[in-house]
Amino acid sequence: MRVLFATSEVAPLIKTGGLADVSAALPAALHSMGVDVRVLLPGYPQVLKALPSPQTAADFPALPGFPPARLLSGALPDGVPLWVVECPELYQRGGGAYQDEHGGDWPDNAQRFGLLSKIAAVLGSTDSPLEWKPDVVHCNDWQTGLAPAYLHFAPGAAPCVMAVHNLAFQGIFPPQTAAELGLPAECFQPDGVEFHGKLSFLKAGLYYADHITTVSPSYAEEIQTDVLGFGMQGLLAHRRKVLNGILNGIDTEDWNPAADPNLVQAYDATDLSGKSANKRELQKRMGLHVDPKVPLFGLVSRFTRQKGLDLVLKITPQLVALPAQLVLLGSGDAGMQRTALGLSHRYSGQVGAYVGFDEGLSHLIEAGADIFLMPSRFEPCGLNQMYSQRYGTPPVVHATGGLIDTVVDCSAASLKRGDATGFVFDSMGASSLLSAARRAVVAYRNKKTWRTLQRNGMARDFSWDKSAAAYRDIYARLMQ
Ligand code: ADP
Ligand code: GLC
C-alpha cells in the first residue's frame, strides 16, 4: 500500500501546532506497519537545511499558474521518506510557515499552498513524472485542500482523504485566485470550490475528497452543527457517510517522562518522586517561588480565543489567591501576550510567562506542573491534554471535541470505576473554569486521590497503534 501524505508542517523540521506532531507520528506509525508512506512538504529554509544531501526526483518547470519548482527527495529523522517541493520564489524567506515576522499572513499563501496541493495531485495522477505512484493521497487541512480538486480533474487519479485538523482555518482567497491557480472554471460554484463568492481551499478538499476524516469522534459530530461547523456544516452533514473521526495518538517516545532529555529527573508511574525535581526546576526557570507544596498550574498553547486563553488570563488573580502558581508558555494574539507578561510582573513569584515557542520548556511544563490547563472553546483533538496525562499532570479541560474523548472527569463514580484522569467542565466561561480549577486543587491536596488520578492518566494508551490501523483500513477501502 502506497500513501502520499501531503502536509504543511512536520515536527521537528517545522512546527506551529499539533499538525506537525501528527504529520511526524502518523506516517511513522504507518511506516512501521509496512505501509509505503511518503511525506510531501514545502521547501521552507528550515526543511531544506535538514536535508543533508537531497536528490532531485523531478522538475516542474511550467505548472500552469506557478513558478518553476523541483521535487527533492530525502528522509525524515525517523527514516520515513520525504519529498520536498523546492521553489525559492515561494518558500525561501524568513518568518514562519504561514506568516511573516510580524504575524501577518504571507500575501502569496494561495500560491504557496496551491503549489503544494498541485504537486500532490500531479504525483497522485498518471501525469506524475515518478515511477512511484500512490494508491491514496492523504491531505491535511486547508493548505492541501486544493489537491482533491486538482485530482478530480486529473487523469488516472488516486483516491484521496481530506483530514480536517481544524475547521476554523479555511484558506479563503479572492474568486479570481481559482483560475490563477489553474482550476477549471466549472469548479467555481457552490457544488465545488466556491464559498460565499470566494475560493475556499478547505471547502475544495471537503467537496472533492473521496473520504473525510477528522481528529476525534466528538469533533466529527460537532462540525456537522451550526455552532462548530464554521459554515461547512451543511456540506459535512451531506457527506457524513464518508466522514469519520479518528482520535489522534501521541508519539510515546518523544513524550515519555521516563526518558525525556528535557527533564531534570526521569520518572514513571511506579515511582513519581522524580516529578518534584522537575517542579523545582520549572519554578526556578520561570522565576517562581520554589515551593514544593503550592499547586502549580501549567499551560502550553497558541494564544487565541480558541484555546480559552482569555479566560485563563481573566481568572489568574483568583488562581493566585487559592493559593496557586501558574506558568504560561505560548504566543499568538498580541494583546494576550501583553496581558500574560503583565500578570507575570504583577504576580511576580507566582505567575511565570514565556512568550515564544520553546519545545524543551513545553516538555518541562508537562512534567513540572501539577495541573494542566486546557479550557479550549473548541478542540478538534488536542495533544497537550494527552501529554499531560502521560506525565502525571491531570488536565482541567472544557467538554468539547477531542478533550471529551480523552479526559475522564474526576467524580466519586469515576474514581470508583478507576478511570478518572482529570477535570472536565461543561459550560464555557470563567466561573466554570475557576470552579473546575478549584476542584483540581482540592483533589491535589488529597494525596491518595491525586496519586490515583495521576496513575490512571499515566496508564492510558494514547499510542498511535489503533488510530494508524484505522487510517490504513480507510486507505484499503478506498483502493477497492
Ligand atoms: P493546536 O494544534 O491547535 O495548536 P494541539 O494541542 O494539537 O493544538 O498541539 C499543539 C502542539 O504545539 C503541542 O505539541 C504543543 O506542545 C505545541 N506548542 C504550542 N505552543 C507551543 C509553544 N509556545 N512552545 C512549544 N510548543 C508549543
Ligand atoms: C489542530 C487542532 C488540534 C489538533 C491538531 C492535530 O491544530 O487545533 O486540536 O490536535 O490539529 O490534529
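The chain is numbered in sequence order, starting from 1. Start at 1 and go down the list; that is how both ligands and their atoms are numbered.
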>> Does only the side chain of Asn384 get under 4.0 Å from ligand 1, or the backbone, or both, or neither? Count heavy atoms.
In response: both
What do you reckon, does [X] have a nitrogen or oxygen under 3.5 Å from a nitrogen or oxygen of ligand 1?
X: Thr16; result: no
X: Gly18; result: yes
X: Asp21; result: yes

Looking only at protein heavy atoms, which one is nearest to [atom], and what is the separation?
atom: atom 4 (C) of ligand 2; answer: Gly382 N, 3.6 Å
atom: atom 8 (O) of ligand 2; answer: Asn166 ND2, 3.3 Å
atom: atom 1 (C) of ligand 2; answer: His165 O, 3.1 Å

For [X], is the nearest heavy atom under 4.0 Å from an atom of ligand 1?
X: Gly382; answer: yes
X: Tyr354; answer: no
X: Lys307; answer: yes
X: Lys15; answer: yes

>> I'd like to know whether Thr316 forms a side chain to side chain contact (heavy atoms under 4.5 Å, CB included) with Thr339, so could you lay out the CA-CA distance, the side-chain angles of the two residues, the decisive distance to 0.1 Å, and finally the verdict.
In response: CA-CA 11 Å; Thr316 296; Thr339 309; over 6 Å; no
> Would you call the rings of Trp450 and Tyr444 parallel, tilted or perpendicular, where under 30° means parallel and over 60° means perpendicular?
Replying inline: perpendicular
>> Taking distance alone, with N or O pairs closer than 3.5 Å, would you say Gly18 contacts ligand 2?
In response: no
> Which atoms of ligand 2 sit under 4.0 Å from any heavy atom of Gln306?
Replying inline: 8 (O)
>> I need the atoms of ligand 2 closer than 4.0 Å to a non-hydrogen atom of Pro380, numbered in the order shown.
In response: 2 (C), 8 (O), 9 (O)
> Which one of Glu379, Met374, Lys307 has a non-hydrogen atom at the shortest distance from atom 3 (C) of ligand 2?
Replying inline: Glu379
> Which option, Gly332, Ser331, Ala11, Gly356, owns the non-hydrogen atom nearest atom 23 (N) of ligand 1?
Replying inline: Gly356
>> Any atom of ligand 2 sitting under 4.0 Å from a heavy atom of Gly402?
In response: no
